[in-house]
2 protein chains.
Amino acid sequence: MLITQKKQYALRAIFELAKRHGRGPIKISTIARVQAIPMRFLEVILNELKKSGFVSAKRGYQGGYYLLRRPRDIAVGDVIRFMDKTGEGEQDCIACVSKDSCPFDGQCALSPMWEKVWESLFCVYDGTTMQDLLELELERIKNRKQQENAAEKGCDRRGLEI
Amino acid sequence: MLITQKKQYALRAIFELAKRHGRGPIKISTIARVQAIPMRFLEVILNELKKSGFVSAKRGYQGGYYLLRRPRDIAVGDVIRFMDKTGEGEQDCIACVSKDSCPFDGQCALSPMWEKVWESLFCVYDGTTMQDLLELELERIKNRKQQENAAEKGCDRRGLEI
DNA sequence: ATAATCTTGACCAAAATAGTCGAGAAAGCT
DNA sequence: AGCTTTCTCGACTATTTTGGTCAAGATTAT
């Protein structure tokens, strides 16, 4: 897998927090429902994410999770890197890039390519902030509405034609 | 993992065949030794690769595997795509990109990013042929020799200084 | 107090991945 | 023909990673 489910969930959870940034703590149960993430699993994930410094939590009655940074100051790359780290040493890396696991001491014929791959991957990751994702989402919603309107008109016309 | 061990092995095996292209069939045992791949596992891998049309094999006494195309006509992307296919449907893909597994019908906030990631990944894969890898390898060897020469001289000088 | 909510660590299950084995079939050599 | 070498094929096993659950406890607002 290029990306695990867990990282995907982490990103979606943070995205959801970004969406509601500034409106107080958000409950795990809410995030789980809206983002379609198994709740007990999300508990684990968010708890881990606290150590990243991106999110924090408040316990008790009106408790929940919230972002510690502005959405534009959290890049996807930051989250991925953090999630990789927690599993002890870059898990999502490629065997030949890290000298330890490469039988040729990181000098195999493929390693230059893996480095390129790694770079271009994180070029995208680091170039995408939560803010960017939010804006994309807004645009998408706008487009969908326009399409719906267009479709409705289409429906009406068809109705008349019959 | 970004790339599995098996795919890595497949690439290294094909690379080795490319290195010896035009010199008749190469034995599995040779490839396994030179590329540090478990032999019985490599048997399985090369056998699968026959279906890709990149390699073919000859049995018996002076048998072995050989490339069906010129090294410059085999890109890393071709190999990766083939290996992905054999596992039934793009395994190395991302959940949200394929509509089936995305709870939001492939319309989640992250999907545009995953598409970008996918593109830039295969941009590297498809832009790297076996020939390219061979040339890189040659250059690497040349550089290492130069370094060794330089190091030897350095040694001599140190010897005199003491 | 008590109800809501996060916290923690242990635990389990399923899937994917990595790797092995044995018996057989073809090809060349003598 | 008989022997050796080498691939072939399918079944099998082991290991690791991932995904997910649970229960008991701590904290806070009301």
Side-chain angles (χ1 to χ4, degrees), chain A residues 1-13 17 24-33 35-52 55-68 83-84 86-95 101 103, chain B residues 1-13 17 24-33 35-51 55-66 68 80 83-95 101 103:
Chain A
M1 295 284 282
L2 178 52
I3 191 98
T4 60
Q5 190 81 2
K6 190 175 174 187
K7 283 178 211 166
Q8 183 97 230
Y9 287 161
L11 286 170
R12 293 228 301 265
L17 290 178
I26 319 294
K27 285 180 279 190
I28 289 181
S29 54
T30 306
I31 303 174
R33 182 166 35 76
Q35 288 288 334
I37 303 171
M39 184 173 130
R40 299 315 278 274
F41 196 23
L42 184 57
E43 285 181 7
V44 175
I45 295 169
L46 281 173
N47 205 338
E48 273 179 29
L49 277 172
K50 274 199 320 177
K51 290 166 206 142
S52 74
V55 308
S56 189
K58 191 184 174 189
R59 295 208 241 192
Y61 192 63
Q62 293 273 22
Y65 278 86
Y66 53 91
L67 289 188
L68 287 174
M83 296 298 285
D84 282 345
T86 61
E88 304 266 325
E90 307 245 300
Q91 218 99 77
D92 223 23
C93 201
I94 308 127
S101 49
Chain B
M1 298 283 281
L2 178 51
I3 193 97
T4 60
Q5 188 82 3
K6 191 175 172 186
K7 283 178 212 165
Q8 183 97 228
Y9 287 160
L11 287 170
R12 293 227 301 266
L17 290 179
I26 319 295
K27 286 180 281 191
I28 290 182
S29 55
T30 306
I31 304 174
R33 182 167 34 77
Q35 287 289 334
I37 303 172
M39 182 173 132
R40 292 319 279 270
F41 196 23
L42 183 57
E43 284 181 6
V44 175
I45 295 169
L46 280 173
N47 206 334
E48 273 179 30
L49 277 173
K50 275 198 315 176
K51 291 166 206 141
V55 308
S56 188
K58 190 182 170 189
R59 298 206 241 193
Y61 193 63
Q62 293 273 21
Y65 278 85
Y66 53 92
L68 287 173
I80 305 244
M83 296 298 285
D84 282 345
K85 233 189 321 187
T86 63
E88 305 266 324
E90 308 245 300
Q91 218 98 79
D92 224 23
C93 202
I94 310 127
S101 48

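In what follows, chains are A, B, ... by sequence order, proteins preceding strands, each numbered from 1.
- Near DNA chain C, defined here as any heavy-atom distance below 4.0 Å, the residues from residues 59-66 of chain B are Arg59(B), Gly60(B), Tyr61(B), listed numerically.
- Residues forming a side chain to side chain contact (heavy atoms under 4.5 Å, CB included) with Thr30(A) (at least two apart in sequence, or on another chain): Arg20(A), Ile26(A), Lys27(A), Arg33(A), Val34(A).
- Between Leu2(A) atom CG and dT17(C) atom P the separation is 13 Å, expressed in whole Å.
- Every residue two or more places apart in sequence or in another chain was checked for a ring pair (Phe, Tyr, Trp, His ring centres under 6.0 Å) with Tyr61(A), and none qualifies.
- Regarding Met83(B), its CE atom lies at a distance of 14 Å from the C1' atom of dA16(C), rounded to whole Å.
- Of all non-hydrogen atoms in Leu42(A) and Ala13(A), the two that sit nearest each other are CD1-CB, 3.9 Å.
- Of all the residues in residues 39-47 of chain A, Arg40(A), Phe41(A), Val44(A) reach under 4.0 Å from DNA chain D with at least one non-hydrogen atom.
- For Glu48(A), the side-chain hydrogen bond (donor to acceptor under 3.5 Å, both in side chains) partners at least two apart in sequence or on another chain are Lys6(A).
- In this entry the distance linking CZ of Arg33(B) with P of dT6(D) reads 11 Å, nearest Å.
- Atom pair Lys27(A):NZ and dA4(C):P shows a separation of 9 Å (rounding to whole Å applied).
- At a threshold of 4.0 angstrom between heavy atoms, the contacts of Ile37(B) with the nucleic acid are absent.
- Dashed line: the shortest gap from a side-chain N or O of Lys58(B) to OP1 or OP2 of dG28(C) is under 4.0 Å.
- Taking Tyr65(B) as the reference, nothing meets the ring pair (Phe, Tyr, Trp, His ring centres under 6.0 Å) condition, with sequence neighbours excluded.
- If you measure from atom CD1 of Ile3(A) to atom C1' of dT18(D), you get 14 Å, rounded to the nearest angstrom.
- Residues Tyr9(B) and Pro38(B) come closest through the heavy atom pair OH-CD, 3.6 Å.
- Rounded to a whole Å, the CD atom of Gln8(B) is 14 Å from the P atom of dT17(C).
- Remark: P of dT21(D) and NZ of Lys6(A) are 14 Å apart, rounded to the nearest angstrom.
- Every residue two or more places apart in sequence or in another chain that forms a side chain to side chain contact (heavy atoms under 4.5 Å, CB included) with Glu43(A) is listed here: Ile28(A), Met39(A), Arg40(A).
- The terminal axes of the helix from dA1(C)-dT30(D) to dT30(C)-dA1(D), fitted over 5 pairs per end, subtend an angle of 10° to the nearest 10°.
- Scanning both residues, Gly63(B) and Pro25(B), for their nearest heavy atoms gives C-CB, 3.6 Å.
- Here the closest heavy-atom approach between residue Leu68(A) and residue Val55(A) is recorded as CD1-O, 3.6 Å.
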Exercise. Just do the side chain to side chain contact (heavy atoms under 4.5 Å, CB included) check on Val44(A) and Asn47(A) with the steps written out, would you?
Key: CA-CA 5 Å; Val44(A) 175; Asn47(A) 205 338; 5.8 Å; no
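- Heavy atoms only, all atoms of each residue included: Arg12(A) and Ala36(A) are closest at NH2-O, 3.6 Å.
- Lys7(A) has its NZ atom 17 Å from the C1' atom of dG20(D), to the nearest Å.
- For Lys50(B), the listed nucleotide lying nearest its side chain is dT8(D); candidates were dA18(C), dG19(D), dT8(D).
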